[in-house]
> 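One structure follows; several queries about it will come next.
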Amino acid sequence: MEQLGIAEQLREKFTGSILGIITHRGQVTILVDRKDLFRICQVLKTDHKMTHLNCLCGVDNLKRKGAHLERFEVVYQFYSIDNRTSLRVKAQIPESDPVVDSITSLWTGANWLERETYDLLGIVFNNHPKLERILTAEDWEGYPLRKEYALRGDKEWKGLEELREKAVRLRKYDFYGAQIEQE
Amino acid sequence: MITLTDTQTIDIPVQSGDEDRYHLKLGPQHPATHGVLRVDLDLDGETILTCDPKVGYLHRGFEKLAEHRTYAQNIVLTDRLDYIAAMSNNVGYCEAVERLLAIEVPERAKMLRVMVCEMSRISSHLLWLATHALDIGAMTVFLYCFREREVLLELFAELCGARLTTTYTRLGGVRQDVTRSIMKKLDKFVEDFPACIEEYETLIDTNRIWLKRTIGVGQVSAEKALDLCLTGASLRGSGVDYDIRKHMPYSGYEKFEFDVPTGETGDTYARYRCRMEELRQSNFILRQCIEMMPPGPILGKDAPDLIMPIKPANKLEVDVPAKNALITLIEDRDVFMEGDIYVATEVPKGELGFYFISDGMGRPYRMHIRSPSFIHIGALSTMGQGVMIADLIAIIGTLDVVLGECDR
């Protein structure tokens, strides 16, 4: 199988950084140490022609157990359009220091995907050009996709409260800014 | 000291050197932004210096929500992703879950899925053409496209009771079989549709204004398109032959005969030509569907029940291990092991991928939706730099984005 061959080649090249190779339903995943992640992606792109980045997402492993599993992982799915092979790379990230290298310099398209991962899981990407919240508001509290984040909260987002207050304040003006006479 | 009321404005001093700059917030309530997309622009005259798209106005937290619902319950969420082509999303989701849980789908259900996928591709492309032309200033095309789109939406309504939020697929099959009336109407549509495509082309294909507004606008090379992670017609317009229906066939696409149209120049016109050819190819696939439709059941025997009977046989529940729910499977195969899977399908907008992590329970541990629109809007800031505002509108149109899918 071609995917396994690539995984084995990577294991020889980056001794010690490849923590494991998993095959599930015909899809091959390699678990990697985060310190070599950028170089592995670079090798996959240049040497193995994996030019298409399918998917990039973060996972919270709080309720999962397994060998080499840290609190967070970032999943990269690559595909080679020329060779028609795919490979999944998972970088393990500890809870104490949720930082990983950005691959924005290899794929510009990874920019927003990494921002999304930061927004929803709080994983910080080194060398990212603009690491800001993207789907939620700028002043959102917490990281929604973490397992301890409740599905249903007990209070509204504070921006909404401010908007409501502003709406009440502005109710006394008409469209042109003139004060509406109270009846 | 002047005190200002909320409605008064004040002139903000401009830094020297920036006097010519103009800051414009295009959207989120603008007819040409195709939904609630906001683009913050820094302008020098009419030329865009920086372009910063802002999304999230439609964020509903589907990925979080999915972790708290069973696999079957999540099907309705996928309607609300790309609400213009809900059928394709249903199929994409179910294909992924079936691969994850190893549920067999009968042949007839597979063919029906291909059929509704291609119908929704035509309907989505028609809406794209209509609004894209409207943005650029060709009003007539809009009305012509909606004429044919209406036929397809009526067919969806007859098939499953809804025009847009269809929820047509089930894990292990589809919900309703086609009737003779539907097949007859579809047959007539397939017969008439090629003439309609020619009709659209007579309106704009050699129209001088259309050509001036599209040729050379939003040009991306093949290398740049891959760098920006573009997929679908936006990537094929740049000459990269990447169609998931050919590369990783699903739902029996390998049995169908069709071409993947690619462009060369990678500009708005090339992408327009690609999508017009895709309309023809989809119509051709629909013709094959009508001719090859096999008899048989539409729901596999492994399919878990969606309705909840009093004594559930195949019931999937949130905290029950999934193997208890699908009793017909566990005898001979160990299917509910923990693991993950990434399954991509070709939806009208591009590559829709579902990444699942299963921990053996009846709900996904993690579901990630790789939505093409999100990545396409991300590419906007690169593609929109240095162009005119009018061209930015053409670029937003040509990328074919839907904000429901982008924000999830």
> Need one label for A:Tyr79: side chain, backbone, both or neither, based on atoms under 4.5 Å from any heavy atom in chain B.
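Just the side chain, heavy atoms under 4.5 Å.
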> Using heavy-atom distances under 4.5 Å, tell me whether B:Pro372 contacts chain A through its side chain, its backbone, both, or neither.
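For B:Pro372, neither part sits under 4.5 Å from chain A.
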> Would you mind checking which part of A:Asn111 comes under 4.5 Å of any heavy atom in chain B, side chain (CB onward), backbone (N, CA, C, O), both or neither?
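The answer is neither part of A:Asn111.
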> Will you find, in the side chains of B:Arg236 and B:Thr262, an N or O donor that is under 3.5 Å from an N or O acceptor?
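No, no side-chain donor-acceptor contact under 3.5 Å.
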> Just checking, is any N or O donor in the side chain of A:Glu70 or A:Asn61 under 3.5 Å from an acceptor N or O on the other one?
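Side chains of A:Glu70 and A:Asn61: no pair found under 3.5 Å.
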> Do we see a donor-acceptor contact under 3.5 Å between the side chains of A:Trp157 and A:Asp139?
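The criterion, which ignores hydrogens and geometry beyond distance, is satisfied for A:Asp139 and A:Trp157.
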> Given heavy-atom pairs under 4.5 angstrom as the criterion, report whether the side chain, backbone, both or neither of A:Lys130 touches chain B.
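The side chain, not the backbone.
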> Could you tell me which portion of B:Asp52 (side chain, backbone, both or neither) has an atom closer than 4.5 angstrom to a non-hydrogen atom of chain A?
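The side chain, not the backbone.
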> Sort B:Ser381 into side chain, backbone, both or neither according to what part of it lies under 4.5 angstrom from a heavy atom of chain A.
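Neither part; nothing is under 4.5 Å.
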> Side chain, backbone, both or neither: which part of B:Arg408 has a non-hydrogen atom closer than 4.5 Å to chain A?
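Just the side chain, heavy atoms under 4.5 Å.
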> With respect to chain A, which residue among B:Gly353, B:Cys406, B:Gly378, B:Ala379 yields the maximal number of heavy-atom pairs within a distance under 4.5 Å?
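Heavy-atom pair counts peak at B:Gly378.
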> Does the side chain of B:Glu95 come under 3.5 Å of the side chain of B:Thr345 through a donor N or O and an acceptor N or O?
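Result is no, nothing qualifies.
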> In terms of heavy-atom proximity below 4.5 Å to chain A, should B:Leu58 be classed as side chain, backbone, both, or neither?
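Neither part.
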> Tell me if the centroids of the rings in A:His52 and A:Phe78 come within less than 6.0 Å of each other.
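Ring centres of A:Phe78 and A:His52 not closer than 6.0 Å.
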> Select one option (side chain, backbone, both, neither) describing which atoms of B:Asp340 are under 4.5 Å from chain A's heavy atoms.
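B:Asp340 touches chain A through backbone and side-chain heavy atoms alike.
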> So which part of A:Ser86 gets closer than 4.5 Å to some heavy atom of chain B, the side chain, the backbone, both or neither?
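Contact with chain B is absent: no heavy atom of A:Ser86 under 4.5 Å.
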> Do you see a donor-acceptor pair shorter than 3.5 Å between the side chains of B:Glu405 and B:Ser373?
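Short answer, yes.
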> Between B:Lys54, B:Met248, B:Lys224, which has the largest tally of heavy atom pairs under 4.5 Å with chain A?
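Most heavy-atom pairs under 4.5 Å with chain A: B:Met248.
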> Would A:Lys90 and A:Glu73 count as a salt bridge (charged side-chain N to carboxylate O under 4.0 Å, His left out) here? Give the steps.
CA-CA 6 Å; A:Lys90 282 184 179 181; A:Glu73 61 187 16; 3.5 Å; yes
> Is it true that A:Asp119 and A:Thr136 share a donor-acceptor pair across their side chains at a distance under 3.5 Å?
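A:Asp119 and A:Thr136 do have a side-chain donor-acceptor pair below 3.5 Å.
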> So for B:Tyr57, is it side chain, backbone, both, or neither that comes closer than 4.5 Å to the heavy atoms of chain A?
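Neither part.
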> Run A:Val74 and A:Val59 through side chain to side chain contact (heavy atoms under 4.5 Å, CB included) and show every step you take.
CA-CA 6 Å; A:Val74 180; A:Val59 180; over 6 Å; no
> Please classify the contact between B:Tyr355 and chain A as side chain, backbone, both or neither, with a heavy-atom cut-off of under 4.5 Å.
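Looking at B:Tyr355, just its side chain touches chain A.
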> Do you know which of A:Ala137, A:Gly58, A:Ala110 has the most heavy-atom pairs with chain B at a distance under 4.5 angstrom?
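Heavy-atom pairs under 4.5 Å are most numerous for A:Gly58.
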> Counting only heavy atoms not in B:Glu223 (residues, nucleotides, ligands), do more than 12 fall under 6.0 Å from its CD?
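Check fails, neighbour count at 12 or below.
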> At a heavy-atom distance under 4.5 Å, which candidate from B:Lys64, B:His376, B:Arg99, B:His368 has the highest pair count against chain A?
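Maximum pair count with chain A is reached by B:Lys64.
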> Check this for me: B:Glu264, atom CD, are more than 12 non-hydrogen atoms of other residues, nucleotides or ligands nearer than 6.0 Å?
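Check fails, neighbour count at 12 or below.
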> If you tally heavy-atom pairs under 4.5 Å against chain B, which of A:Thr51, A:Leu151, A:Leu53 wins?
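Max contact count across the listed options: A:Leu151.
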> Given the options B:Glu63, B:His59, B:His247, which has more heavy-atom pairs under 4.5 Å with chain A than any of the others?
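Top option by heavy-atom pairs under 4.5 Å: B:His247.
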> Below 4.5 Å from any heavy atom of chain B, which atoms of A:Arg152 appear? Answer side chain, backbone, both or neither.
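No part of it gets close to chain B.
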> Give the member of B:Ile375, B:Ile357, B:Leu65 that has the highest number of heavy-atom pairs under 4.5 Å with chain A.
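Of B:Ile375, B:Ile357, B:Leu65, B:Ile357 has the most heavy-atom pairs under 4.5 Å with chain A.
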> Counting only heavy atoms closer than 4.5 Å, note whether B:Ile341 contacts chain A via side chain, backbone, both or neither.
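Both backbone and side chain.
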> Give me the ring orientation class for B:Tyr93 and B:Phe356: parallel if the planes are under 30° apart, tilted from 30 to 60°, perpendicular past 60°.
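If you compare the ring of B:Tyr93 with that of B:Phe356, the planes turn out perpendicular.
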> Which one of A:Arg84, A:Gln77, A:Arg133, A:Lys45 has the most heavy-atom pairs closer than 4.5 Å to chain B?
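Top count of heavy-atom pairs under 4.5 Å with chain B: A:Arg84.
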> Side chain, backbone, both or neither: which part of A:Ile22 has a non-hydrogen atom closer than 4.5 Å to chain B?
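The answer is neither part of A:Ile22.
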> Give me the atom names and distance for the closest heavy-atom approach of B:Phe354 to B:Asn89.
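Scanning both residues completely, I find the closest heavy atoms to be CE1-O, 4.3 Å.
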> Are B:Tyr242 and B:Glu351 close enough that a side-chain donor and a side-chain acceptor fall under 3.5 Å?
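Yes, because at least one side-chain N or O of B:Tyr242 sits under 3.5 Å from a partner of the opposite role on B:Glu351.
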